[in-house]
Amino acid sequence: QVQLVESGGGLVQAGGSLRLSCARSGRTFSSYVMGWFRQAPGKEREFVAAIRWSAPSTYYADSVRGRFSISKDNAKNTVYLQMNNLKPEDTAAYYCASKTLGSTLPYNYNNYDYWGQGTQVTVSS
C-alpha cells in the first residue's frame with residue numbers, strides 16, 4: 001500500500017542540527033499529509049510537524065516552532081525535517097507518518113494511516 005522509509009537520525013550535540021528524511025512509496029492519493037511525530041521513553045507520542053503534499057501548508061508544534069522546518073521534494077516523494085538548535089529535550093524516536101487530507105487536523109497520531117519504522121535522535125549536552 002504505502003511504505004515510509006526514514007533516515008537521518010543520529011547523535012548530535014546540543015545546539016547542533018540534523019535533517020531527517022522520509023521517502024514515501026506505494027499508493028498515491030490526490031491529497032495527503034505527511035507528518036513527523038516523536039516519542040521519548042515514558043512519554044506519549046507527540047506531534048512535531050506536518051505538511052500538505054499538494055500545497056505549501058505547514059504545521060508545527062509550539063515546542064519546535066522556529067527551530068524545526070518541514071519541507072518536501074515532490075520529484076523524490078520525500079519529506080524532510082530540518083532540525084536546528086537541537087536541545088536534549090528533543091531526544092526521542094522520530095516517526096514519519098502519512099494520512100489522507102480529509103477533514104481531520106494533522107496533530108493527532110490516531111488520524112494517520114501509515115508509519116515509518118522510526119529513527120532515533122539523541123541530543124547530548
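The side-chain contact (heavy atoms from CB on, under 4.5 Å) search around Asn74 returns Trp53, Lys72, not counting sequence neighbours. Residues meeting the side-chain contact (heavy atoms from CB on, under 4.5 Å) test with Ala61, sequence neighbours left out: Phe47, Ser63, Val64. With sequence neighbours excluded, no residue satisfies ring pair (Phe, Tyr, Trp, His ring centres under 6.0 Å) with Tyr80. For Val123, the side-chain contact (heavy atoms from CB on, under 4.5 Å) test picks out Val12, Ala14, Leu86, Pro88, Asp90, Thr91, Val121, with sequence neighbours left out.
Side chain of Tyr59 to main chain of Gly35: no donor-acceptor pair is present (N/O by atom type, distance under 3.5 Å, no hydrogens or angles). Not a single donor-acceptor pair under 3.5 Å links the side chain of Gln82 to the backbone N or O of Ser69. A donor-acceptor pair is defined here as one N or O able to donate and one able to accept, closer than 3.5 Å; no such pair exists between the side chain of Tyr114 and the backbone of Cys96. Side-chain atoms of Arg24 do not come within 3.5 Å of backbone N or O of Leu4 as any donor-acceptor pair.
Of the inter-residue distances, the one linking Tyr94 atom OH with Gln120 atom CD reads 9.0 Å to the nearest 0.5 angstrom. Expressed to the nearest 0.5 Å, how far CZ of Arg67 lies from CG of Asn85 amounts to 6.0 Å. Atom CD of Gln3 and atom OG of Ser25 lie 4.0 Å apart (nearest 0.5 Å). Of the inter-residue distances, the one linking Ile51 atom CD1 with Ser57 atom OG reads 8.0 Å to the nearest 0.5 angstrom.
Summarising the geometry of Val33 relative to Ala50, their closest heavy-atom pair is CG1-CB, 3.9 Å, with the distance given to 0.1 Å. The minimum heavy-atom distance linking Ala97 with Tyr112 is given by the pair CB-CD2, 3.4 Å. Residues Lys99 and Leu105 come closest through the heavy atom pair CE-O, 4.0 Å. Looking at every heavy atom in both residues, Tyr95 comes nearest to Gly116 through CD2-O, 3.8 Å.
In this structure, the ring of Trp36 has its center no less than 6.0 angstrom from the ring center of Phe68.
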task = Would you please test Ser124 and Leu11 for side-chain contact (heavy atoms from CB on, under 4.5 Å) and show each step?
result = CA-CA 7 Å; Ser124 64; Leu11 175 65; 4.3 Å; yes

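Counting only residues at least two apart or on different chains, the side-chain hydrogen bond (donor to acceptor under 3.5 Å, both in side chains) pairs with a member in residues 39-50 are Arg38-Glu46, Gln39-Arg45, Glu44-Tyr109. Among pairs with a residue in residues 12-21, those fulfilling side-chain hydrogen bond (donor to acceptor under 3.5 Å, both in side chains) read Ser17-Asn84, at least two apart in sequence or across chains.
Hydrophobic clustering (ILVMFWY, side-chain heavy atoms < 4.5 Å, transitive): Trp115 and Val5 are in distinct clusters.
By the 4.5 Å heavy-atom criterion applied to side chains, Met34 and Cys22 are counted as neighbours. For the pair Val2 and Asp113, the minimum side-chain heavy-atom distance is 4.5 Å or more.
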